[in-house]
Amino acid sequence: MNNGPKAGNARDIVVENVSKRKLKVLLRLGKYMYRFRFGYLAALLLSIGSNLFALIGPKLSGFAIDAIGDGLTVGTVDFDTVIFYCVLMLIFYILSSVMQYILQSVMIRLSRGIVKLMREDIFKKLMRMKAEYFDKTQTGDIISRISYDIDTLNATLSTDLVQIASSIVTVIGSLVMMISISPRLCLIFAVTVPLSILTSTKMANRFRPLFRARSGKLGELNGYAEELLSGQRTVRAYNREETMIERFREKNKIAADAYFKTDYYGTMVGPTINFINNLSLTLVSVFGSLLYLRGAISIGNISTFVLYSRKFSGPINETANIINELQSAAAAAERVFRLLDEEEESADLENAVKFGFADGGMAVQGQVELRDVSFGYEKDREILHHIQMHVKPGMTAAIVGPTGAGKTTIINLLMRFYDPDSGTVSLDGHDIRGAVRASLRRSYTMVLQDTWLFSGTIADNIAYGSPRKDISRAEIEEAAKAAGIHSFIKSLPHGYDTVLTDEGVSISKGQKQLLTIARAMISNAPVLILDEATSNVDSMTEMRIQRAMQKLMEGRTSFVIAHRLSTVRRADVIFVLVDGCVMEHGSHEELIDKKGFYYSLHNSQFEG
């Protein structure tokens with residue numbers, strides 16, 4: 001595959017049609033939330049109840065103040081009434097707090113359920129996506145979407161939504177209570193509230209692109225870090241630590257600057273709205289005093305109105321403060337949904353051919369043919385040109401040629417990781433584009449140059465190659481013996497139950513390769529692919545593996561890709577690939593007799 005550096009997605013930084021896109025993101029989030037609609041309904045009722053109880057407090061406070069009187073005449077205070085309202089106020093505040101606690105617990109559970117579903121959907125999506133997506137996208141950026149972006153959404157769903165719902169109830173309730181006390185004082189908010197809304201909306205629209213850029217830059221930084229950590233041995237071998245530190249410093253500065261700019265401008269919203277709200281409170285105090293002097297309002301009602309005005313303006317200020325989080329969550333959701341919208345592998349045809357008895361299909365004989373196949377990873381850059389190959393069942397076909405000739409690309413086409421631009425690839429005479437993809441891939445077993453071992457026991461890693469779940473330990477050990485790795489495994493403290501971590505870094509590359517070969521041996525697939533399978537082992541180990549491979553390849557159609565021609569001499573047919581074209585083909589002896597490119601390649605390896 002194309003394993004070069006991977007570019008970030010420009011759409012993570014600049015995207016058109018903001019309003020339409022934002023609505024689409026909200027609707028898709030709504031679909032996830034709808035699956036927990038009963039939980040959200042309970043949360044809504046708890047939010048309304050909690051805020052209504054809290055809204056009763058200021059009214060009771062006003063009654064208590066009026067019961068005290070003007071304080072000028074001794075003995076005019078009605079202590080029974082004051083105590084009654086104070087106790088009642090305490091009860092309502094306690095009920096409000098209890099309901100608020102229950103609400104927070106419910107919202108945390110709901111948000112956890114949603115992000116769990118989203119992560120599962122993302123991972124399922126990744127398992128269905130085209131191979132080219134992974135060739136073009138940094139692993140770190142994908143991980144950033146699964147972790148950072150999902151965590152950002154989790155914070156919004158668990159806290160910000162509760163805050164917004166509470167704010168709506170509080171604002172409406174406070175407004176109703178203030179109107180009941182003094183409609184004239186409410187006219188102050190006819191000026192300050194529209195000013196707050198207009199200011200926050202304008203600032204939010206201006207700062208939205210900064211949050212999108214921040215998410216994109218973080219993804220790029222994660223991608224670079226993942227790339228650097230996976231190649232740290234090479235970095236140290238070439239003494240390039242300082243160079244890589246400097247490059248990381250530059251990328252980190254770009255990401256930090258994006259964070260600073262986002263947070264700097266984003267935090268301007270809260271203080272600005274807070275100033276407007278404090279202005280409204282000042283005006284309420286001034287005009288309330290004038291009304292009191294005219295006898296139009298009592299001290300208790302002024303106190304109550306001031307408390308409600310703070311409750312009224314407080315949520316507006318809080319909403320402005322969480323705009324930053326909402327903007328960040330919107331950018332995160334956008335990146336998550338963009339991944340979920342990526343193109344998947346095309347669905348199998350309705351009447352697709354099934355290969356293999358395990359899938360209830362036809363037995364695979366192993367006849368593979370490429371007819372006039374041309375292909376390029378990019379439309380304007382063709383890599384393979386009119387490839388013709390015909391491999392009969394049970395034959396061993398070797399593909400040799402210089403680096404970049406297209407050898408691994410042919411394997412990608414055989415496995416249908418990619419489809420050819422023109423021509424056909426067939427298995428047993430059936431065009432593989434008309435086959436069930438899963439059954440096609442189970443017809444092959446692969447040993448690649450780049451080994452892959454997962455965190456788990458050695459036995460689990462070997463058994464991974466079998467489609468059966470009931471694979472026995474005896475079968476695992478037999479495969480390991482055939483691969484020449486059994487003695488090494490038995491020498492380990494826990495034998496086959498030894499746990500490999502960090503992709504098996506505790507064992508050598510050659511041993512890792514032998515484990516993947518044992519994994520291939522346990523598979524009963526009729527077609528075998530060896531892509532530079534012995535490139536990471538020494539000559540003695542290579543000879544041992546070759547003997548095991550001869551046994552493994554008996555009765556199977558085998559494709560062997562190798563730079564070292566010593567591994568392909570016994571092949572039934574050798575295809576010499578140069579610049580994406582089959583320059584010549586035949587047995588080792590036939591190609592030597594032709595004295596063509598293979599002959600020159602052979603002499604350069606064994607006579608140089």
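Values reported hereafter were calculated over all heavy atoms of this structure, with side chains retained and with hydrogens, waters and symmetry mates removed.
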Worksheet item: Is the closest side-chain heavy-atom distance between F337 and L29 below 4.5 Å?
Response: yes
Discussion item. To check you understand the geometry: which heavy-atom pair defines the closest contact between E343 and K130, and what is its length?
Written reply: OE2-NZ, 3.1 Å
Worksheet entry | D421 (side chain) donor-acceptor with G376 (main chain) under 3.5 angstrom | yes
Worksheet item: Is there side-chain contact between D121 and Y32, with at least one heavy-atom pair below 4.5 Å?
Response: yes
Worksheet item: Do E584 side-chain atoms and F597 backbone N/O form a donor-acceptor pair below 3.5 Å?
Response: yes
Item to complete: Would you list the pairs meeting ring pair (Phe, Tyr, Trp, His ring centres under 6.0 Å) in which at least one residue belongs to residues 426-446, sequence neighbours left out?
Response: none
Worksheet item: For R556, what residues pass the side-chain hydrogen bond (donor to acceptor under 3.5 Å, both in side chains) criterion, not counting sequence neighbours?
Response: none
Worksheet entry | Listed partners of Y496 passing ring pair (Phe, Tyr, Trp, His ring centres under 6.0 Å), at least two apart | H486
Worksheet item: Between E250 and I254, is any pair of side-chain heavy atoms under 4.5 Å apart?
Response: no
Worksheet entry | Interatomic spacing from CE in M129 to CG in L340 - rounded to 0.5 Å | 9.0 Å
Response to the item:
Test salt bridge (charged side-chain N to carboxylate O under 4.0 Å, His left out), reference D341, set R28, K125, R335, output is R28
Discussion item. Assess the residue pair I150 and I122 against the criterion (side-chain contact (heavy atoms from CB on, under 4.5 Å)); give the C-alpha distance rounded to whole Å, side-chain angles, the decisive distance to 0.1 Å, and a yes or no.
Written reply: CA-CA 10 Å; I150 292 291; I122 289 176; 4.0 Å; yes
Worksheet item: From E344 CD over to M127 CE, what is the distance, rounded to the nearest 0.5 angstrom?
Response: 12.0 Å
Practice prompt. Go through the steps to decide whether S346 and R437 satisfy the test side-chain hydrogen bond (donor to acceptor under 3.5 Å, both in side chains), and finish with yes or no.
Written response: CA-CA 9 Å; S346 58; R437 190 180 278 104; 3.2 Å; yes
Worksheet entry | Least distance between heavy atoms, I471 atom then A463 atom | CG2-CB, 3.5 Å
For residues 363-370, which side-chain donor-acceptor pairs fall under 3.5 Å, sequence neighbours excluded?
| from | atom 1 | to | atom 2 | distance (Å) |
| --- | --- | --- | --- | --- |
| E369 | OE1 | R371 | NH1 | 3.1 |

Worksheet item: Going from CG on L530 to CD1 on I517, what distance comes out if it is rounded to the nearest 0.5 angstrom?
Response: 7.5 Å
Practice prompt. Please report the C-alpha distance between L413 and L384 in whole Å, then the side-chain angles of each, then the deciding distance to 0.1 Å, and finally whether the side-chain contact (heavy atoms from CB on, under 4.5 Å) criterion is met.
Written response: CA-CA 11 Å; L413 296 178; L384 299 179; 3.6 Å; yes
Fill in: Residues D348 and K354 bridged, charged N to O under 4.0 Å
no
Discussion item. Just verifying a value: how many Å separate N461 CG and L453 CG, rounded to the nearest 0.5 Å?
Written reply: 5.0 Å
Fill in: Residue pair D497, R473: steps toward the side-chain contact (heavy atoms from CB on, under 4.5 Å) verdict
CA-CA 11 Å; D497 294 318; R473 179 59 64 89; 3.0 Å; yes
Worksheet item: With side chains defined as the heavy atoms from C-beta onward, is the minimum distance between T498 and I489 less than 4.5 Å?
Response: no
Worksheet, complete the sentence: Heavy-atom nearest pair, A518 first then I485, reads CB-CG2, 4.4 Å
Fill in: Taking every non-hydrogen atom, the tightest pair across V373 and V425
CG2-CG2, 4.0 Å
Worksheet item: Looking at L126 and Y133, what are the two nearest heavy atoms and their distance?
Response: CD2-CE2, 4.5 Å
Worksheet item: Tell me, do L500 and L515 make a side-chain contact under 4.5 Å, heavy atoms counted?
Response: yes
Worksheet item: Can any side-chain N or O of S443 pair as donor or acceptor with the backbone N or O of S439 at less than 3.5 Å?
Response: yes
Sequence neighbours left out, cut at 3.5 Å: what donor-acceptor pairs do the side chains of residues 385-398 make with other protein atoms?
| from | atom 1 | to | atom 2 | distance (Å) |
| --- | --- | --- | --- | --- |
| H385 | ND1 | E382 | OE1 | 2.7 |
| H386 | ND1 | D372 | OD1 | 2.8 |
| Q388 | OE1 | D372 | N | 2.8 |

Fill in: Shortest non-hydrogen contact from A352 toward A435
CB-C, 3.8 Å
Worksheet item: Can you check whether M521 reaches I462 side chain to side chain, under 4.5 Å on heavy atoms?
Response: no
Discussion item. To the nearest 0.5 Å, what is the distance between CG on L414 and CD1 on I432?
Written reply: 7.0 Å
Discussion item. Can you confirm whether R35 is buried at CZ, in the sense that more than 12 heavy atoms of other residues, nucleotides or ligands lie under 6.0 Å from that atom?
Written reply: no
Discussion item. Nearest 0.5 Å, please: how far is CG in L577 from NZ in K407?
Written reply: 7.0 Å
Worksheet entry | Steps toward side-chain contact (heavy atoms from CB on, under 4.5 Å) verdict (R519, V447) | CA-CA 9 Å; R519 178 191 292 169; V447 179; over 6 Å; no
Discussion item. I want to check something: taking the side chain as every heavy atom from C-beta on, are T137 and E342 in contact at a cut-off of under 4.5 Å?
Written reply: no
Discussion item. Counting C-beta onward and ignoring hydrogens, is there a side-chain heavy-atom pair between F559 and V527 closer than 4.5 Å?
Written reply: yes
What pairs of donor and acceptor atoms, side-chain ones from residues 587-594 against any protein atom, are under 3.5 angstrom apart with sequence neighbours left out?
| from | atom 1 | to | atom 2 | distance (Å) |
| --- | --- | --- | --- | --- |
| S587 | OG | E590 | N | 3.3 |
| H588 | ND1 | Y598 | OH | 2.8 |
| E590 | OE1 | S587 | N | 3.0 |
| K594 | NZ | H585 | O | 3.3 |

Worksheet entry | Step-by-step side-chain hydrogen bond (donor to acceptor under 3.5 Å, both in side chains) determination, T409 to Y377 | CA-CA 9 Å; T409 300; Y377 292 105; 3.0 Å; yes
